[in-house]
Protein chains: 2
Amino acid sequence: MSTPGRGLHGRVLDTLGPAITAGEYPPGSILRTDELAQHFEVSRSVMREAVRVLESMHLVESRRRVGVTVRPRCEWNVYDPQVIRWRLAGADRPHQLRSLTVLRSAIEPVAAGLTARLATAEQCAELTECALGMVAHSRGHRLREYLFHDVAFHRVILSASGNEMFARLGDVVAEVLTGRTRHEVMFEDPDPAAVTLHVQVAEAVRARDAVRAEELTRQITVGALQELDILAP
Amino acid sequence: MSTPGRGLHGRVLDTLGPAITAGEYPPGSILRTDELAQHFEVSRSVMREAVRVLESMHLVESRRRVGVTVRPRCEWNVYDPQVIRWRLAGADRPHQLRSLTVLRSAIEPVAAGLTARLATAEQCAELTECALGMVAHSRGHRLREYLFHDVAFHRVILSASGNEMFARLGDVVAEVLTGRTRHEVMFEDPDPAAVTLHVQVAEAVRARDAVRAEELTRQITVGALQELDILAP
DNA sequence: TGTGACATATAAGTCTGACTTTTTGTTCCC
DNA sequence: GGGAACAAAAAGTCAGACTTATATGTCACA
């Protein structure tokens with residue numbers, strides 16, 4: 001899913017990024033470029049590039065005569081896919097997973113409503129195909145195939161909504177769904193009710209019933225919230 | 001609001017970032033580090049740092065023997081505050097404003113619902129204070145003071161929701177509200193109905209009525225959508 | 001004792017030039 | 001025509017010298 005570090009500075013980020021997002025360097029910590037460069041055995045130029053990237057993510061702030069100080073979490077660019085991946089890979093995973101699931105619960109229903117209005121015939125077909133794929137693999141421990149169609153389904157919903165901000169969350173949702181299947185809940189076959197809801201959403205979109213598509217999708221996300229013991233509306 | 005370029009590489013980004021996000025270099029365009037460095041009259045090291053930042057925003061991709069190629073918009077990190085600012089400052093402004101307003105319409109109602117459940121007494125008071133401030137300046141062309149309280153109101157809603165992803169959208173909402181007052185609609189006093197809704201939201205939160213807070217906030221965002229002639233649910 | 005100006009040390013910032021590595025496109029031979 | 005060897009191009013890396021901003025300590029003076 002994620003691209004392993006392109007170039008030397010990327011290699012550095014692959015270990016420094018997770019370390020910072022994991023809180024290994026608490027907010028206010030001061031790092032020095034030279035020391036980091038020595039520690040990672042790279043030149044200062046490479047280290048500086050890495051720091052610049054961290055800075056653009058608002059993970060750190062670089063100031064003359066002071067050093068590179070770690071910013072408090074509330075200032076981080078928490079929508080940066082890289083930051084999300086780092087956090088999902090570290091100790092922050094449960095917390096991050098909750099945040100993202102709540103975010104999903106806000107976005108996806110609205111996206112589904114827009115998709116019902118704007119989706120092309122092709123997108124409608126694609127959606128139905130995904131839903132049917134989920135049904136086809138909903139029994140007999142075919143979780144991998146089920147997940148594939150589940151991810152595709154939500155990607156289509158987000159993408160067909162016509163809103164670029166929604167569309168860009170496709171990767172995030174994929175990450176959440178994948179993670180859920182891999183580590184957390186869902187050891188057995190998926191909840192039949194959830195499968196049915198997906199089929200119904202596809203039908204609602206096909207029927208251009210925005211209100212129904214939104215409501216059904218809301219039920220899907222409520223289910224996702226409940227899986228994580230998050231109080232649902 | 002935005003921080004003007006820290007350091008030389010920041011100065012470069014201040015003109016290169018807007019240029020790219022404005023589509024001045026269409027997707028697939030190829031830039032060369034050396035040429036850019038010459039053009040901006042900076043050293044290659046500085047130019048490289050700037051490119052690294054653009055790369056971390058997924059605006060460009062740097063490959064050996066090829067150069068720095070501009071990525072298609074659908075791959076950009078559209079949630080990066082810097083990217084949002086650049087787009088809002090350029091020709092893409094109307095489109096970006098629509099995207100963000102739709103995003104708001106998804107997020108804020110859910111955030112308000114959560115805030116009604118989780119807000120501290122202090123946050124409830126702060127919210128009421130903001131709403132009253134809006135009322136106080138809703139007449140007599142005191143748009144600046146009205147805007148101040150409006151922004152503060154929505155910041156509290158997003159922040160008190162307890163979700164870091166929601167909270168981080170405070171700056172974005174502020175930008176949208178500010179932009180709306182400055183350039184677009186709202187030349188006269190704000191819509192009295194909208195003001196009333198804000199007061200009612202504050203009341204609902206104070207009363208811990210999550211459903212009502214969510215519904216009222218939805219009405220606020222529907223109003224924002226209608227202002228931009230976006231079809232409301 | 002407090003306060004302001006000044007000096008100093010420090011770490012980031014910048015520049016330059018030489019070198020390496022990867023990748024693409026071409027050429028040449030079978 | 002296809003594949004291997006070659007050459008060129010552009011990013012990538014490194015090392016060293018220099019500049020600049022600034023936090024902090026010092027000292028004189030009130």
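Throughout, protein chains are lettered first and strands after them, A, B, ... in sequence-line order, and every chain is numbered starting at 1.
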Please tabulate the protein-to-nucleotide N/O contacts below 3.5 Å involving nucleotides 8-13 of chain D, giving atom names and distances.
| unit_1 | atom_1 | unit_2 | atom_2 | d |
| --- | --- | --- | --- | --- |
| dA8(D) | N3 | Arg65(B) | NH1 | 3.0 |
| dA11(D) | OP1 | Thr33(B) | N | 2.8 |
| dA11(D) | OP1 | Thr33(B) | OG1 | 3.1 |
| dA11(D) | O3' | Ser62(B) | OG | 3.2 |
| dG12(D) | OP1 | Ser62(B) | OG | 3.3 |
| dG12(D) | OP2 | Arg48(B) | NH1 | 3.0 |
| dG12(D) | OP2 | Arg52(B) | NH2 | 3.4 |
| dG12(D) | OP2 | Ser62(B) | OG | 3.3 |
| dG12(D) | O4' | Arg64(B) | NH2 | 3.3 |
| dT13(D) | OP1 | Leu8(A) | N | 2.4 |

Parallel, tilted or perpendicular: which describes the rings of Tyr79(A) and Tyr79(B), with under 30° parallel and over 60° perpendicular?
parallel

Measure the angle between the two terminal helix axes of the helix from dT1(C)-dA30(D) to dC30(C)-dG1(D), five base pairs each, and quote it to 10°.
20°

State plainly whether the residues Asp14(A) and Arg85(A) are in salt-bridge range, i.e. N to O under 4.0 Å.
no

Do Ser56(A) and Ser56(B) have side-chain N/O donor and acceptor atoms under 3.5 Å apart?
yes

For Arg87(A), is there an ion pair with Glu164(B) - N to carboxylate O distance below 4.0 angstrom?
yes

Leu54(A) has an atom CG; how far is it from atom C1' of dA12(C), in whole Å?
15 Å

Run Arg73(A) and Asp92(A) through salt bridge (Lys or Arg N to Asp or Glu O under 4.0 Å) and show every step you take.
CA-CA 12 Å; Arg73(A) 326 168 60 119; Asp92(A) 218 12; 2.6 Å; yes

So His154(A) and His149(A), ring pair (Phe, Tyr, Trp, His ring centres under 6.0 Å) or not? Walk me through it.
CA-CA 9 Å; His154(A) 291 275; His149(A) 290 96; over 10 Å; no

Could you check whether Arg52(B) pairs with Glu49(B) (Lys NZ or Arg NE/NH1/NH2 to Asp/Glu carboxylate O, under 4.0 Å)?
no

For Val156(A), does its backbone N or O pair with a side-chain atom of Ser159(A) as donor and acceptor, under 3.5 Å?
no

Rounded to whole Å, how long is the line connecting atom CE of Met47(A) with atom P of dA15(D)?
15 Å

